[in-house]
J.: 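Before I ask anything, here is the structure I am working with.
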2 protein chains.
Amino acid sequence: MKMSELSARSGVAIPTIKFYLREGLLRRGELTSRTQASYDDTHLRRLRLIRSLVEVAGLKLDVVKRVLAAVDDESRTRHEVLGTAHSSLSAPASPSVEDVKHARRLLAHWGWQVHTQSPLPAALACALRSLDSVGHPMNEEALDAYAAAAAAVAAVDVSELPADRTDAVETVVVGTLLREPVLLILRRMAQEARSARNE
Amino acid sequence: MKMSELSARSGVAIPTIKFYLREGLLRRGELTSRTQASYDDTHLRRLRLIRSLVEVAGLKLDVVKRVLAAVDDESRTRHEVLGTAHSSLSAPASPSVEDVKHARRLLAHWGWQVHTQSPLPAALACALRSLDSVGHPMNEEALDAYAAAAAAVAAVDVSELPADRTDAVETVVVGTLLREPVLLILRRMAQEARSARNE
DNA sequence: CAAATCTGGATACTATTACTATCTAGATTA
DNA sequence: TAATCTAGATAGTAATAGTATCCAGATTTG
């Protein structure tokens, strides 16, 4: 298919597609002549994935780029791709050593093992610190409830992964990033439903 | 306290504080003379809240502005403030009527009641549609598991609300927005912990 | 077969967001 | 009294994510 058709089928404007090509987010089409190239379903899929990551998951283009590069890197296991996705998502934060220790104690308490270089404990430390700083710290019970809920959805996410590596990697990325908004929206709905009952 | 002290105690640069004053995110200090004003703890609290909403919850300043305006509006109940926060969070989306119907059917299935004007069903419809469009739809069981997890955390969030209206409103906003990253980080951690076991 | 349209690729421009910097007139501190 | 600080206004900047224009060449249509 030509670029115009790719644009029509994906709903992404041609100048935007050209921009993604320039930025290396989308592979170039195969040149059939000097001013003509053809695109296939992989381009369409990739384009839809980019738009979803940007619009639904709210990722910035440079993050999308890193994540897609990890997906395309055949040498990485899906666990490594997951780590890349997580690293790309967490803004570089600098929590205190004490706060990170506290976060790691919580992980140990729940029996969760994460990689030493994972940015997640630091990210958790920052998130909890900010709740403290605005005067609304989370207590132990609330955290335990959150952890239990997180474990429940993670169990669903990680189960039923396809055998093929490429498919599995995409499933992991999509499952991690595009289901986040679903979880948040459901939480807000549940809050509204409960809040309405109490008011 | 003077602006320099407010800056030092909050960690926010003076030009940024001035910018927030201009934008109406922060009340002006009380003028003690034509070139001198004094700030108090409410300013410090507000400043920390703004920074947390921007840095941790990832909100844009215009959204922060709307949310804070709702918090400050004494005539709104905390349920209305919650609605404002949710409306401000969801980007204006235009899902198909069919998709929204599907989302509402899910809500009915779980016994959740949300307001007719709530943007949440439409937001859910969009999130699920985008998962479909990239070829990774969520099945019934996965959705049920997500809903159960969402209900569990919402129950914790809505319980233990302070009696005072202003405190309750802030608790609701903080609880809704600043605990989101906590939930997402915990989910990612749980995924990593599980994924590591499987690889 | 010729005019109008489309294409890939390059370059330049634009809108938005969130600050930063500078300036001025006046106030405070050393 | 000289150096520093302050409020408020105005102007400038960096990053992000596109848009717009142009060109040489290719394709479609009348």
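Chain letters run A, B, ... following the sequence lines, proteins first and then strands; every chain starts at 1. Source: prediction; values computed, not measured.
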J.: Which atom pair, heavy atoms only, marks the closest approach of B:E192 to A:H115?
T.: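 Distance-wise, the nearest heavy atoms are OE1-N, 4.0 Å.
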J.: Measuring to OP1 and OP2 of C:dT7, would you say a side-chain N or O of A:S4 lies under 4.0 angstrom away?
T.: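 Yes, such a contact exists.
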J.: From OH of A:Y39 over to C1' of C:dG8, roughly how many Å is that when rounded to an integer?
T.: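 To the nearest whole Å, that distance equals 7 Å.
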J.: B:R34 side chain N/O closer than 4.0 Å to the phosphate oxygens (OP1, OP2) of C:dG26?
T.: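 Looking at the OP1 and OP2 atoms of C:dG26, one of them is under 4.0 Å from a side-chain N or O of B:R34.
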J.: Out of A:L178, A:T171, A:V173, A:D167, which one pairs with B:H136 under the side chain to side chain contact (heavy atoms under 4.5 Å, CB included) rule?
T.: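 When A:L178, A:T171, A:V173, A:D167 are each tested with B:H136, the side chain to side chain contact (heavy atoms under 4.5 Å, CB included) holds only for A:T171.
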J.: With rounding to the nearest 0.5 angstrom, report the OH to CG distance, B:Y146 to A:L184.
T.: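 So the gap between those two atoms works out to 10.0 Å.
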J.: Establish, from distance only, whether the side-chain atoms of A:R66 and A:S87 form a donor-acceptor pair under 3.5 Å.
T.: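 There is no such pair (donor and acceptor under 3.5 Å, judged by atom type) between the side chains of A:R66 and A:S87.
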J.: Classify the side-chain pair B:S96/B:R129 by whether it contains a donor and acceptor separated by less than 3.5 Å.
T.: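 No.
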J.: In whole Å, I'd like the distance from the CG atom of B:L21 to the C1' atom of D:dT10.
T.: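 Nearest whole value for this atom pair: 16 Å.
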J.: Under a 3.5 Å threshold, yes or no: a donor from one side chain and an acceptor from the other, between B:H43 and B:D40?
T.: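 Distance-only check passes for B:H43 and B:D40.
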J.: Measure CG/B:L26 against P/D:dG8 and give the value in whole Å, please.
T.: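 Whole-Å distance recorded here is 12 Å.
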J.: For the pair made of CD in B:E23 and C1' in D:dG8, what is the distance, rounded to whole Å?
T.: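 For the pair B:E23 CD and D:dG8 C1', the rounded distance is 14 Å.
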J.: Which letter, B, S or -, goes with each nucleotide of nucleotides 15-23 of chain D from 5' to 3', with contact meaning a protein heavy atom under 4.0 Å?
T.: --SBB----
J.: B:E5 CD to C:dT28 C1': how many Å, rounded?
T.: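 Interatomic distance, CD of B:E5 to C1' of C:dT28: 16 Å.
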J.: Go through the structure and list residues passing salt bridge (Lys or Arg N to Asp or Glu O under 4.0 Å) with A:E141, not counting sequence neighbours.
T.: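 Result, salt bridge (Lys or Arg N to Asp or Glu O under 4.0 Å) vs A:E141: none returned.
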J.: Do B:Y20 and B:R51 meet the criterion of a side-chain donor-acceptor pair at a distance under 3.5 Å?
T.: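 A donor-acceptor contact under 3.5 Å links the two side chains.
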J.: State, to the nearest 10°, the angle formed by the axis through the first five base pairs of the helix from C:dC1-D:dG30 to C:dA30-D:dT1 and the axis through its last five.
T.: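 End-to-end axis angle for the helix from C:dC1-D:dG30 to C:dA30-D:dT1: 0°, rounded to 10°.
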J.: Report the distance from atom NZ of A:K2 to atom C1' of C:dT5, rounded to the nearest whole Å.
T.: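 Taking NZ of A:K2 and C1' of C:dT5, I get 11 Å after rounding.
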J.: Consider the side chain of A:L31, meaning its heavy atoms from C-beta on, and name the nucleotide among D:dA7, D:dT6, C:dG9 that approaches it most closely.
T.: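 It is C:dG9.
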J.: Roughly, in whole Å, what's the span from CD1 in B:I14 to P in C:dC23?
T.: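 Those two atoms, CD1 and P, are 18 Å apart.
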J.: How many whole angstroms separate atom CD1 of B:I17 from atom P of D:dG8?
T.: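 It is 13 Å, rounded to the nearest whole Å.
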J.: Check this for me: B:Q113, atom CD, are more than 12 non-hydrogen atoms of other residues, nucleotides or ligands nearer than 6.0 Å?
T.: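 For B:Q113, atom CD is not crowded (no more than 12 foreign heavy atoms under 6.0 Å).
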